[in-house]
Each structure stands twice: as C-alpha cells, then as structure tokens.
There are 2 protein chains.
Amino acid sequence: MVTLAEVAQHAGVSASTVSYVLSGKRSISVGTRQRVEQSIQQLGYHPNAGARALASNRSSIIALMVPLRTDMYVPVMMEIAIAVTTSARAHGYDVLLLTGEEGPDAVRRVTGSGLADAMILMDVELDDERLPLLRGTDQPSVLIGLPADTSGLTCVDLDFGATGALCAEHLAMFGHRDIAVIGEAPAVYERHTGFAERTLDGLRSRARELGLRVLHRPCEGGFDAMSLTLARVFDERPGTTGFVVQNESAVEPLLALLRRQGRAVPEDVSVIAICPDQVAVQASVRLTSAAIPAQEMGRSAVERLIAKLTGSGKDEVVLIAPELTVRASTGPAPTAS
Amino acid sequence: MVTLAEVAQHAGVSASTVSYVLSGKRSISVGTRQRVEQSIQQLGYHPNAGARALASNRSSIIALMVPLRTDMYVPVMMEIAIAVTTSARAHGYDVLLLTGEEGPDAVRRVTGSGLADAMILMDVELDDERLPLLRGTDQPSVLIGLPADTSGLTCVDLDFGATGALCAEHLAMFGHRDIAVIGEAPAVYERHTGFAERTLDGLRSRARELGLRVLHRPCEGGFDAMSLTLARVFDERPGTTGFVVQNESAVEPLLALLRRQGRAVPEDVSVIAICPDQVAVQASVRLTSAAIPAQEMGRSAVERLIAKLTGSGKDEVVLIAPELTVRASTGPAPTAS
DNA sequence: ATAGGCTGTCGAAGCGCTTCGACTCCGTCG
DNA sequence: CGACGGAGTCGAAGCGCTTCGACAGCCTAT
C-alpha cells in the first residue's frame, strides 16, 4: 500500500504539501503540484479512507436506509437507490446500504461511529421511530417520504395529493362519473406510510369538486386478490368506468380480468396507474400513468443532503409535482346506453 | 463523541483493556468485563469506525457492485442486494453500494483506499474488465454470475444450464414437441452476460435428447416487441405449444397476446417462466416457473466471502441447483387434431 | 521451596492522514 | 529603503483505535 509519505518523498516535498495538493485547501505552486500529481500517478497512490476519516472527522459516506420489505414498489426503491448512489458519487460520496431491519439502532450505530456523514431514509412512516433520533443529532439527514410531523426535518417526496387530484381530473375530463381506486395492500395502510392516504385524500377532494363518485378498495397484489376486489367493485358500483391503480402488482391482474370479462380498455373502462414510466410502457396495455419519478427523488434527496453538509441548506419539504402521461389505457367514458 | 479513553477512565482501567473487552482477543476477568460493559452502556459509547479501520487495517465493510442498468432483472437485483446486506450485517459487516458506472475504476478505488475489506460483483460479463484487477489483488471477492474463465475466482450463480434442461424436461413430460424460448433482449446477448447462453445451451442439449424442437428468439421486454416476436414464432413453427420465457418483462405481454389470439393457457399452450417465485405468483396466471433464488445467491455469496476473510475458503464455483415449481401455466400438450 | 507457565492488565508505539502555526521568500507600498 | 503581507512550504501534533511486549500475581509440578 502506497502512503502519502511515500508520495511526498518521491516528489521531494513534505507530507503536508501532498495533502494540500489533494485537498486544494492551500495554494500550491504549479511546479510542485505537477510533480506531486505525477508521483501520485506513478506510484498508484490512493488515500487511505480510514486514516482520512479519522483525521478529518468526515467519512465521505452517505448512509441509505432502504426498506427490508420487498412487498411493494421494488423497482421504485431500486431506482431510487441507484439514483442516490450515482448522484452521491458525483459529489464525491459513497453510499452505505442499510436495511430497515435494524430499525432505530442502525441510526444510532451509524451516527455514533462516524461511519457516515449523513443519511437518507426511505419508506418513512407517519410516526417513524427513527425521527426523534434524527432530530436529536446534528448529523444531516433527508427523508424520502413524508412523516406526520416534518418540523426540523428535510423531506423529499412526490406530491401524492396532487397526483391523486390529477388522476381524478383526467378521468373527469373524459366524462367518467364512477371511479374506483385500487389501493395498496391493507398492510400498507396499517403501517401508516402516508403516501397511500395522501393520494386518496387528494383524489377524493378533487373528485368531490368535479362531481365524481369514488370507491376505494385496498388490494394485495396478485391475481386472486385482484379478482375478489374487482368483483366487489362492480357489485357495489356496476357503473364504474374508471380505475386508478396504486398497487403495481395489481395492474396486470386487473387488465387480464377486465379482458376476461369482455370489458375493453379504454373503450369500456379507463385505467390509470400510479407507477414509474418504465412499468407503464411495459404493461400489456400501454398505460396512462401518473409517474413516480424515482430518479428525481433520489437525486433531489442527495442534493439537499449535500447542501446541508456544505452548510447551506435548511430544513424544508420538497414535493415534486406529478406528471400524467396519457397513453392507451384511458379514453372517453362510454355513453350511457 | 465518547472515546475509548473516556470509557477506560470511567471504568478505571486502561484503554487497551477496554479494547480487549470489545474484541475478545485476550482474556478478561469477569469483574473487569462487567465494569467496562457497564461504562460503555452508561456513556453510550460507539467505537469510531475510521480509527478502528486505521489501526486494525480492516473496515468491516463489504463493497457490492450492482449493475447501473435498470433494464433487466430489477427485482432480482434488489432482492440479492438486500439479502447481501442482511447476511453481511449478521456477520458484522456493512455494505457499500457501488454502481457499475465507474467500472474497473471502482474496484481500484475501493481496493486502494481500504474502504472495503472485500467485494461482491454482480452482473458479471463473460470477459469482464474487472476480473484482471480482482486476480491481481489479494482483496477477497465473490462474483454473482459466471465469467468465461473462473480460474482464481469464486463465483456463485444459479445453474442456468440445468435450469434450461429442467424446463425442457417439464415440457417434454407433458408431451410438447415444438417449443419456443423467449430470451432476453438482444443487448443482453451482445453484452455476453453468459447466463442467457447457458440457459439456452442446457435447454437445447436436453431438448435434443428428448426429441424436442427448439426455436429461440431474443426479445426486448414490452408489449410491442413481444407481439412481433410471437408472430414470428407462430409463423415459423405453427405447431408450437410450449414457451420458456427468460425475460421477465415479456411474460405479461405474452400471456395477454395468447389470450387475445384465443389460445388458452395451459390448455392450448404451456408457459414456463424463469423468474423469482414472487413474480410467478403475482402474474395474471399463476406461472409454472424455474425459480431464480435471489436470496440464496446473496446469502451464499456473503458466506463465501466471509470464509475467505477468515482464512478458510478457497476459490470455487458454486452453482445452485434449479427448482421448478409447477403452477397453473403448464399442462399436457393438446392432442394433435 | 523454586522454576515455569498461566491469566489479566497496562503502557506505548504506531496506523496514514489533516491541519495549525510558523517560517521563508518575494514583491509591493508608503 | 524598510516594513508588511501574501504565496508556498514545512514540521509536528494529534485523530481514536489496535496490538505487541512486558509484567505482576498466582498456581502447579518438580
């Protein structure tokens, strides 16, 4: 392992000079800089991360806590994780992956050990146990998701309320009157993850203004669950012509069931999915969808975090405006016959 | 920040004693141990990761390099990543997430800086640029995937050859004679990722023994691509009654297209998917599938790595035996009419 | 009784880096 | 023309931990 001292010796300067060349914290003459850089190249020097962390009290690592559950939104989570990693690297940070498994202890461990300089938490619950810890430390953090009380916290999330409203507007515009919301699994609501409720609230209140009737049904993913749910929907509201689906893994089953029942999409029934664009275009029908901008959420979270680490950057809640892309699964409501 | 020295003072012992209590590398009397542990509790002490890494020359971090592309197998990758993280934690290691973006440089950086003690690489290509670096360092590593030359490397992967063979056997047993393989996107083959070819080879050679005719077609995911591919399949081999699908994002489109064409699954056509079980049960038909054991792959990779880190553990190739679960998408071939 | 071997503890020497203060040259300004 | 200040460099003091050798005390075998 090549050390700073060896580089210094090779370049004929002192260790501190090499350090300053690396960090740029003091001015260095052009000649010296070049000699040092050349030595670094020739010797293949890489600064030792541990020594650096010890001496500077910064690790250049961001911790990312992902949900352990793989029961929902897996592609979204993965995309966010990758976006976070890529953005972090662009700012000179590496990413430490933590699962929710350890819970609050992970926060304590990472904060206490100086393993990471900052953290990003995903899958935040309304009243998350980790929040008091975050408020009680001076380690910067950003949440992806929105807890009930955001005071003293920085949060990034899709504006799910506006997303719901947008879905209602789109269906109303096409003349639909009775719409059904196929929600997340009941467990998601019980867990109080917030986003599902926010979607529903936004959708409901806009629907009210527009004179739509809304039926909401939580739904586990999969064919069988969707089958039951759909039967109950048409049983209760036979005139339902619009669907908003929030649970990705219910989308394909829904489409299959509708086809099987002879209901054509979008002629007889319109379907909007709330999902990443990639999912929407790969479905068996090109889906009109409200996008979940995973990339942007990841990138934005990292940027807030960097801002906090560099001193600027205050606590704030960033809600990303939703975008609805019209594809082949929505159209005018069938005229009542 | 509480330091070791403070703990030592509080407990009335020397710093080294506290260190030995923590590491267990020397025997400590019961009384001393208890006093130290109590002090650690009371003061809320967490060892500083940087100092530890510097002094011991080990970081207790495993680097995990995931593919940057999100064009394939996303749920599998995520599941592996989570399994790796969970297993690593169980062994006292944290996981540093790297994307393939940096390529070989990431290997150099991590190895050179001592950031991680070992690495796990996913999405390995047949002739991966990173392999020479791994062979040239004494940092332990494990690949998830199989390159062309495995000498001096430890690899963990599903036995895709056997998986292909298993699919052929299952369809043959049901009396199918003409089968089609819907493969990964052409880009995957061009990239030489190996697993797709291995599946095909295994399937082909077993099919030959069993007297099956095999038509292989790569396929981008999505509805449109699948539509074209399917048309060509039936054009060329109208008597095709069995499908093996390796591209997850082609599964639903295939099912939808078959339905639309009035071909019933499994009465007229049988479909086997090569995918994680979770995907198979959430599809619009409960799919007979050859499982991709993501969890096991992740766990197994970590175990080999830990073995290498602790001295035991030699280079080896671990191929996980495939398992085929029969569900509702395969059945006897229709009797020729 | 005494040498030898355990067990439990301590002190000190780093690990490789950052950073602070100090120092030496210059060029510049009054 | 001397004092001053900035640019460029160096030396040394840690950062908090691990680990090695040393040593004191005790038990056992001779």
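Throughout, protein chains are lettered first and strands after them, A, B, ... in sequence-line order, and every chain is numbered starting at 1.
- Under the rule for a side-chain hydrogen bond (donor to acceptor under 3.5 Å, both in side chains), Thr85(A) has no partner lying at least two apart in sequence or in another chain.
- Looking at residues 44-55 of chain A, you'll see Leu54(A), Ala55(A) sit with a heavy atom under 4.0 Å from some atom of DNA chain D.
- Between the CG atom of Asn57(B) and the P atom of dC17(C) there is a distance of 12 Å, given to the nearest Å.
- In terms of the side chain to side chain contact (heavy atoms under 4.5 Å, CB included) criterion, Ala55(A) has no residue partners (sequence neighbours excluded).
- A straight line from CZ of Arg58(B) to C1' of dG16(C) spans 17 Å, rounded to a whole angstrom.
- In this structure Ser59(B) satisfies the side-chain hydrogen bond (donor to acceptor under 3.5 Å, both in side chains) test together with Asp117(B), sequence neighbours excluded.
- Over its full length, the helix from dA1(C)-dT30(D) to dG30(C)-dC1(D) turns its helical axis through 40°, comparing axes from the five pairs at each end and rounding to 10°.
- Residues satisfying the side chain to side chain contact (heavy atoms under 4.5 Å, CB included) test with Thr150(B), not counting sequence neighbours, are Leu146(B), Pro147(B), Cys155(B), Val317(B).
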Could you write out each protein N or O paired with an N or O of nucleotides 9-12 of chain D at a distance under 3.5 Å?
{"from": "dT9(D)", "atom 1": "OP1", "to": "Ser29(A)", "atom 2": "OG", "distance (Å)": "2.8"}
{"from": "dT9(D)", "atom 1": "OP1", "to": "Thr32(A)", "atom 2": "OG1", "distance (Å)": "2.2"}
{"from": "dT9(D)", "atom 1": "OP2", "to": "Ser29(A)", "atom 2": "N", "distance (Å)": "2.9"}
{"from": "dT9(D)", "atom 1": "OP2", "to": "Ser29(A)", "atom 2": "OG", "distance (Å)": "3.3"}
{"from": "dT9(D)", "atom 1": "OP2", "to": "Thr32(A)", "atom 2": "OG1", "distance (Å)": "3.4"}
{"from": "dT9(D)", "atom 1": "O4", "to": "Arg26(A)", "atom 2": "NH1", "distance (Å)": "2.7"}
{"from": "dC10(D)", "atom 1": "OP2", "to": "Ser14(A)", "atom 2": "N", "distance (Å)": "2.8"}
{"from": "dC10(D)", "atom 1": "OP2", "to": "Ser14(A)", "atom 2": "OG", "distance (Å)": "3.2"}
{"from": "dC10(D)", "atom 1": "OP2", "to": "Thr17(A)", "atom 2": "OG1", "distance (Å)": "2.5"}
{"from": "dC10(D)", "atom 1": "N4", "to": "Arg26(A)", "atom 2": "NH1", "distance (Å)": "3.4"}
{"from": "dG11(D)", "atom 1": "N7", "to": "Ser16(A)", "atom 2": "OG", "distance (Å)": "3.4"}
{"from": "dG11(D)", "atom 1": "O6", "to": "Ser16(A)", "atom 2": "OG", "distance (Å)": "3.2"}

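- Looking at residues two or more places apart in sequence or on another chain, you find a side chain to side chain contact (heavy atoms under 4.5 Å, CB included) between Ile80(B) and Val76(B), Val84(B), Met122(B), Ile144(B), Ala294(B), Met297(B).
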Please list, one pair per line, the donor and acceptor atoms closer than 3.5 Å that link side chains of residues 33-42 of chain A to other protein atoms, with sequence neighbours excluded.
{"from": "Arg35(A)", "atom 1": "NH1", "to": "Ala11(A)", "atom 2": "O", "distance (Å)": "2.8"}
{"from": "Ser39(A)", "atom 1": "OG", "to": "His10(A)", "atom 2": "ND1", "distance (Å)": "2.8"}
{"from": "Ser39(A)", "atom 1": "OG", "to": "Arg35(A)", "atom 2": "O", "distance (Å)": "3.1"}

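- Shown are Leu96(B), Thr99(B), Leu121(B); of these, the side-chain contact (heavy atoms from CB on, under 4.5 Å) with Met65(B) is made only by Leu121(B).
- Residue pairs meeting the salt bridge (charged side-chain N to carboxylate O under 4.0 Å, His left out) criterion with at least one partner in residues 5-28 of chain B, sequence neighbours excluded, are absent.
- Between Lys25(A) and dT19(C), a side-chain N or O to OP1/OP2 separation shorter than 4.0 Å is present.
- Residue Ser56(A) places no side-chain N or O under 4.0 Å from the OP1 or OP2 atom of dC17(C).
- Distance OG1/Thr111(A) to CE/Met1(B): 8.5 Å, rounded to 0.5 Å.
- Atom CG of Leu22(B) is separated from atom C1' of dG16(D) by 12 Å (rounded to the nearest Å).
- Looking at heavy-atom distances under 4.0 Å, Thr3(B) makes contact with sugar-phosphate atoms alone, never a base.
- Among residues two or more places apart in sequence or in another chain, the side-chain hydrogen bond (donor to acceptor under 3.5 Å, both in side chains) test is passed with Gln9(A) by none.
- Residues satisfying the side-chain hydrogen bond (donor to acceptor under 3.5 Å, both in side chains) test with Arg52(B), not counting sequence neighbours, are none.
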